[in-house]
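What follows is a short report on a single structure.
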Amino acid sequence: MEKQKRFETEVIHNGYDSFKYEGSLVPPLFQTSTFTFATAEEGERRFAGESEGYIYSRLGNPTVKVLEERMAVLEKGEKALAFGSGMAAVSATLFYLTKTGDHILCSEGIYGCTFGLLQLMKEKHHINHDLISFSDEEMIRAGIQENTTCIYIETPINPTMKLVDLEMVARIAKERNIPVVVDNTFSSPYLQQPLTIGCDYVIHSATKYIGGHGDVIAGVVVGRKEELNKIAMTTLKDIGGVISPFDAWLLLRGLKTMPIRLDRHCENAKKIATQLKQHPKVEKMFFPGDPDFPQYELAQRQMKQPGGMISFEVKGTKQDAQQLLNRCQLIKIAVSLGDSETLIQHPATMTHAVVPAEERLKMGITDQLIRLSVGLEAWEDIWEDLKQALDQLPS
Ligand code: LCS
């Protein structure tokens, strides 16, 4: 096997041999829905799995394959599968791991649509779940039921930035042989690699830091070959949330600059957080790189850098929070994250609007909470814009 290179090299080279493709430096875009067979018998062999080769792009595509191989290496997994959205990746994995009557133990705090999916699974398929704080071992042990077939966590959690100790969760889950699924979207594989600390599946909304340019909706799951092969042949193939070859191609382009983009996102976020924390209109700030962040020590241990996302509460009301958004000029009001542009959103009425108010407050999503995805602009320009918007809030 070829020796693995450093992360910054693998994002550019892994999974692709240009000489298999006429020397094309960049992986070609195989924008085709189907593949021709030389003979009927060859078609039969491919369907029977007796002959290597592509059949139909829902079952596999060469451009998508380069992306999957690269992602597997970056997350240090055996295999990766690409999907048409982060939610397609989440739903394919959760439906693969559960059946009617099973139970999912979930971090208290997850992306709004993942919350919506869990509701749907409960109402339509009687697959239950509990959202619990993963802050101590006893709580996790007490949350595991006889029928728990999956632990599902985000870290950092969208949008509160709370962290889950992956080493602790993986250790407890191993005792009971329960697979741990980590949504690694907020970290990217550059900052944190959950499979290396004993977790079983990593999911990404590749829409975010992996793509990095705000022009793709996509998802990825990484894990062990045996299980991912089963997902490929069931909840990916038959539910059909596949990625388009063009989107896979865009993600390959985005991936090349992911480490340098993230270095800049993190550096900018640290600078913005330092200023934000001192502003008189800011009530609280949640940023894993802030030494006063309650889980600062865990962030230092678990993440290479604290990431590019900051949440904060303004003093005042929901209307004040909305006014702050309205007064931003350079910073764009938009959901999504991990793009070059700095984006600001109001989780209670946007990404987490589907979560009932009581549940939302338990997660820590107040009406005053604002989420900032720090972009790649000059940090001084981002701060100047945010500051003038904050300065205008009533005292
Ligand atoms: N997981 C996390 C942690 C997410 O933040 C998102 C999307 C998803 C999964 C789903 O990925 P998608 O299907 O959109 O690719 N998060 C969004 C957000 O915070 N704002 O807009 C989308």
Side-chain angles (χ1 to χ4, degrees), residues 67 71 75 81-95 104 106-118 120 131 152-164 166 181-189 191-192 194 199 201-222 236 239-244 247-248 250-251 254 265 286 288 303 307-311 325 331-339 341-355 360 363-365 369-375:
L67 171 69
M71 280 303 302
E75 279 291 1
L81 294 172
F83 289 81
S85 71
M87 286 316 301
V90 174
S91 55
T93 306
L94 287 182
F95 276 113
I104 302 170
C106 213
S107 52
E108 188 174 61
I110 40 173
Y111 170 55
C113 293
T114 306
F115 183 88
L117 173 71
L118 289 172
L120 180 140
L131 300 168
Y152 186 93
I153 46 189
E154 285 180 17
T155 179
I157 292 175
N158 182 2
T160 57
M161 305 308 294
K162 286 179 194 159
L163 305 186
V164 175
L166 293 174
V181 183
V182 181
D183 184 330
N184 207 23
T185 300
F186 266 44
S187 297
S188 87
L191 303 186
Q192 166 178 292
C199 300
Y201 298 85
V202 161
I203 293 185
H204 283 282
S205 167
T207 314
K208 315 291 159 43
Y209 288 111
I210 297 194
H213 293 74
D215 48 14
V216 182
I217 298 281
V220 174
V221 180
V222 193
L236 171 56
I239 298 179
V242 290
I243 191 170
S244 84
D247 286 348
L250 284 173
L251 291 182
H265 282 297
F286 309 98
M303 301 173 74
M309 300 296 296
I310 305 174
S311 291
L325 266 61
I331 300 171
K332 304 291 181 253
I333 308 174
V335 296
S336 204
L337 57 110
D339 293 333
E341 297 82 359
T342 298
L343 305 179
I344 197 162
Q345 69 112 358
H346 184 242
T349 59
M350 295 181 187
T351 49
H352 290 70
V354 294
V355 183
R360 213 161 58 218
M363 291 179 179
I365 306 171
L369 187 76
I370 289 167
R371 190 189 78 183
L372 190 72
S373 168
V374 179

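We count ligands from 1, going down the list as the structure has it; atoms in each ligand are counted the same way. Values below: all heavy atoms of this structure, side chains included; hydrogens, waters and symmetry mates excluded.
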If you take all heavy atoms of Gly112 and Val355, which pair is closest and at what distance? CA-CG2, 4.4 Å
Contact residues of ligand 1 (heavy atom under 4.0 Å), by chain and number: Ser85, Gly86, Met87, Tyr111, Glu154, Asn158, Asp183, Thr185, Ser205, Thr207, Lys208, Ala218, Val335, Ser336, Leu337, Thr351, Arg371
Could you give me the CA-CA distance, side-chain angles and deciding distance for Ser107 and Ile157, then say whether side-chain contact (heavy atoms from CB on, under 4.5 Å) is met? CA-CA 8 Å; Ser107 52; Ile157 292 175; 4.1 Å; yes
Evaluate the side-chain contact (heavy atoms from CB on, under 4.5 Å) criterion for residues Thr207 and Val216: first the C-alpha distance (whole Å), next the side-chain angles of each, then the deciding distance (0.1 Å), finally the verdict. CA-CA 5 Å; Thr207 314; Val216 182; 6.0 Å; no
Under the ring-ring contact (aromatic ring centres under 6.0 Å, His included) rule, what do His265 and Tyr209 come out as? Steps first, then yes or no, please. CA-CA 10 Å; His265 282 297; Tyr209 288 111; 5.2 Å; yes
Do Glu154 and Asn184 pair up side chain to side chain, a donor and an acceptor below 3.5 Å, judged on atom types alone? no
Would you please name every residue forming a side-chain hydrogen bond (donor to acceptor under 3.5 Å, both in side chains) with Asn158, sequence neighbours left out? Arg371
